[in-house]
Amino acid sequence: MSWFWGLGFFYAIHVTLTYGWLGFLAFALPNATGLGLFGWLLGAPRRRIDTIVASVQGPYALLFLGAQFFAVAITIFGFAAYAWLPLFGRDSVVGLVALILIACSIAHAVPLRGLRTIHGVALVLGLSACALLLVDLPRHPDGWTVPVHAFDERFYGLVVPSLVGFLLGPWMDIQHWQRALEIRRSGGSVRVAYVTGAVLFLGLLTLNALLAARAGLGVPVVSSDGLPGAYAAVAQAIGRESVAGATAAFVVWTAIAAATTIDSFYNATRWFGTSVTARSNSPLLAFVPAGLVSSPVWILGAALATAAAAIWANLSLLYLMMPFATLLVGAAACLVCETLGATRRYDSVLNAMIGATACLIFVTGYLAPSWALLAIAPLIGLIGALPMIAQILGWRATQPADQLIPAAERAPRAAPVPVALDRPDTVASHGFDGHWFVLRLIPTYDDTNSVGNVYFANYVRWVGKARELFFNVCMPDFDLKSTDFYILTKSFHHDFRREAMEFEPVTVRISIASHNRKFVTLAHEIHSEVNGLLGRGEQSLMFVDTVHYRPLDIPRTIVEGFLPYWPKVSPHAVTGEPSPAGVAPLGA
């Protein structure tokens, strides 16, 4: 039911009346085939859906969220522009908002398995309403006179976008990934479920084509681009004679289709957002509650605003469907290739720019009209996925020579780190050198053992001393008497390389190596001006509350203090060198 709305409901009416029965089949068959192929490929017996979902959620998050945004915008726009407003006028917008809120409330309160039951009941009610509508729908004089075909240049140009967009469409929809994962976990067959769903989907589209044929073309609605559209033909047929039974049946039929899409969107997007947020290492989550970040309300609000703007601008439904055949196809093709085993070579920014170019070409070809521009637009959108498509087809590029050398051997060798000091006679100096916190010291007799070399435990003590100074510089206002969290050492590792002797200048360096929501890993190195690298290692820090010692997410104070020094690989690293105003400079 949820897939029935987004890419089919009113467009099935329009394409039947505009291009005839063959035009309808050219739209409906790729749409249903794409749905079946998604389940068939993803549901292969040895394909681990849970592992794939965990792997692709993060890198393809913008694709999934973008597809949800456009699908919901299409739903709200189509229901409002071609059903609700033509029947009840613009003063009835409260009813439209109420339908959206009810659908979201159901999805918020009911898990996915509960939605399955609700959608099953809704399907029976919807089919009953559609059957009643076929009987009571006022017939236009030209009803049931849909030609076999009525092709024009736009139709020929839309063939390729329809094939590309509808075949890739299910892969963009996080709802289908959620359903496939749930079917596999419950012991069902993803292949059987989706092939059956594709047949059912084709049947639902056919019902709307029959409604269009009975209603007739009527008076096409001309959008702001000057092109006529038959999307509202059924609503117009009902409005001409105001048959109460047909009106009620049409409202039930369209409202069920819209509500099942919106509640599915809410449920799947919330599931997706919660999953991604739980694995995120973003320090922003220390400031904003994770539940707020993962909430589908943001996308729903943006989709509602977009639908309202499209209605105000008198656009047609095709402009909201266009991104599925242009903007999103490159990322979707990369996702399909990765699912089938290709190595990830996905560049989200590159694919977005290429997709935007494809959108412009599509709009130009649609308005001209030019079948060539329409046909080439989705192919241009696929350019960003060509490296991964080539892998799937067996056209593998020659591996660069430097990649043949093991990564461990390509890694640069550690070398002594020179530290510039204003005063060479400085005994104990500390401060930041870029992203590294540096402590310089000179061992004395107190640090050595009976043999004369530095006692092994003192290296650990020096690292601890450097860490405390690092904390003091980053969080000068931290007070153990008033803090609501403690910093604990979860683990510590040190790899000894060489030994230092008395009066041999030593430098201890500490930096933030990595982090997630709960742990911060500090890397350390100990260098000698005489013998070079003495050792290196890392330690993991955790945070607990001061009452029950329960683990905490990284506290806000830590995030604010450490933020300028996140590792460069972190998405939240400060670009360029940090400017630690007020921090003790090296050599002070």
Side-chain angles (χ1 to χ4, degrees), residues 1-10 12 28 31-32 34-36 38-39 42-43 49 64 67-68 71-72 74-76 78-79 83-84 96 98-133 169-170 172-208 211 248-272 296 299-300 303:
M1 287 297 294
S2 62
W3 191 240
F4 173 41
W5 180 273
L7 291 175
F9 196 94
F10 288 110
N31 210 341
L35 190 62
F38 169 82
L42 188 61
I49 300 178
F64 292 133
Q68 291 301 294
V72 176
I74 288 172
T75 300
I76 298 174
F79 180 71
W84 193 261
L96 172 64
L99 176 68
I100 296 172
L101 291 176
I102 291 171
C104 291
S105 299
I106 292 173
H108 190 88
V110 179
L112 180 60
R113 293 190 178 187
L115 282 185
R116 179 180 61 183
T117 302
I118 293 174
H119 284 194
V121 174
L123 178 61
V124 175
L125 293 176
L127 291 176
S128 301
C130 187
L132 179 62
L133 189 58
M172 312 176 196
D173 194 339
I174 193 62
Q175 298 179 35
H176 291 305
W177 289 85
Q178 181 195 26
R179 281 158 172 73
L181 183 60
E182 183 65 23
I183 292 169
R184 176 64 62 83
R185 285 176 175 173
S186 62
S189 170
V190 177
R191 286 183 165 182
V192 172
Y194 269 85
V195 170
T196 303
V199 174
L200 175 62
F201 176 50
L202 182 60
L204 295 175
L205 291 177
T206 303
L207 286 176
N208 267 16
L211 288 176
F250 186 61
V251 170
V252 170
W253 181 228
T254 54
I256 284 177
T260 52
T261 296
I262 294 172
D263 64 16
S264 296
F265 144 77
Y266 189 98
N267 184 278
T269 306
R270 187 183 180 201
W271 166 77
F272 172 73
I299 296 178
L300 180 64

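Please read all numbers here as calculations on a predicted model, not as lab measurements. All heavy atoms count here, side chains included; hydrogens, waters and symmetry mates do not. Along the sequence shown, the residues carry numbers beginning at 1.
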Those residues that, when tested against Trp177, pass side chain to side chain donor-acceptor pair (under 3.5 Å) (two or more places apart) = none
Passing candidate, side chain to side chain contact (heavy atoms under 4.5 Å, CB included) with Ser264, options His176, Gln175, Gln178 = Gln175
Ile74, Ile262, Thr254 screened by side chain to side chain contact (heavy atoms under 4.5 Å, CB included) with Phe79, the one that passes = Thr254
Rounded to the nearest 0.5 Å, how far apart are [atom1] of [X] and [atom2] of [Y]?
X: Leu127; Y: Leu204; atom1: CG; atom2: CG; result: 6.0 Å
X: Gln68; Y: Thr269; atom1: CD; atom2: OG1; result: 4.0 Å
X: Leu123; Y: Thr260; atom1: CG; atom2: OG1; result: 9.0 Å
X: Ile256; Y: Thr261; atom1: CD1; atom2: OG1; result: 11.5 Å

For Arg185, what residues pass the salt bridge (charged side-chain N to carboxylate O under 4.0 Å, His left out) criterion, not counting sequence neighbours?
-> none
Would you please name every residue forming a ring-ring contact (aromatic ring centres under 6.0 Å, His included) with Phe250, sequence neighbours left out?
-> none
Measure up the Phe272 and Phe64 rings against each other and bin them: parallel (under 30°), tilted (30 to 60°), perpendicular (over 60°).
-> perpendicular
What pairs of residues pass the salt bridge (Lys or Arg N to Asp or Glu O under 4.0 Å) test when at least one of them lies in [range], not counting sequence neighbours?
range: residues 102-127; value: Arg113-Glu182
range: residues 193-205; value: none
range: residues 102-111; value: none

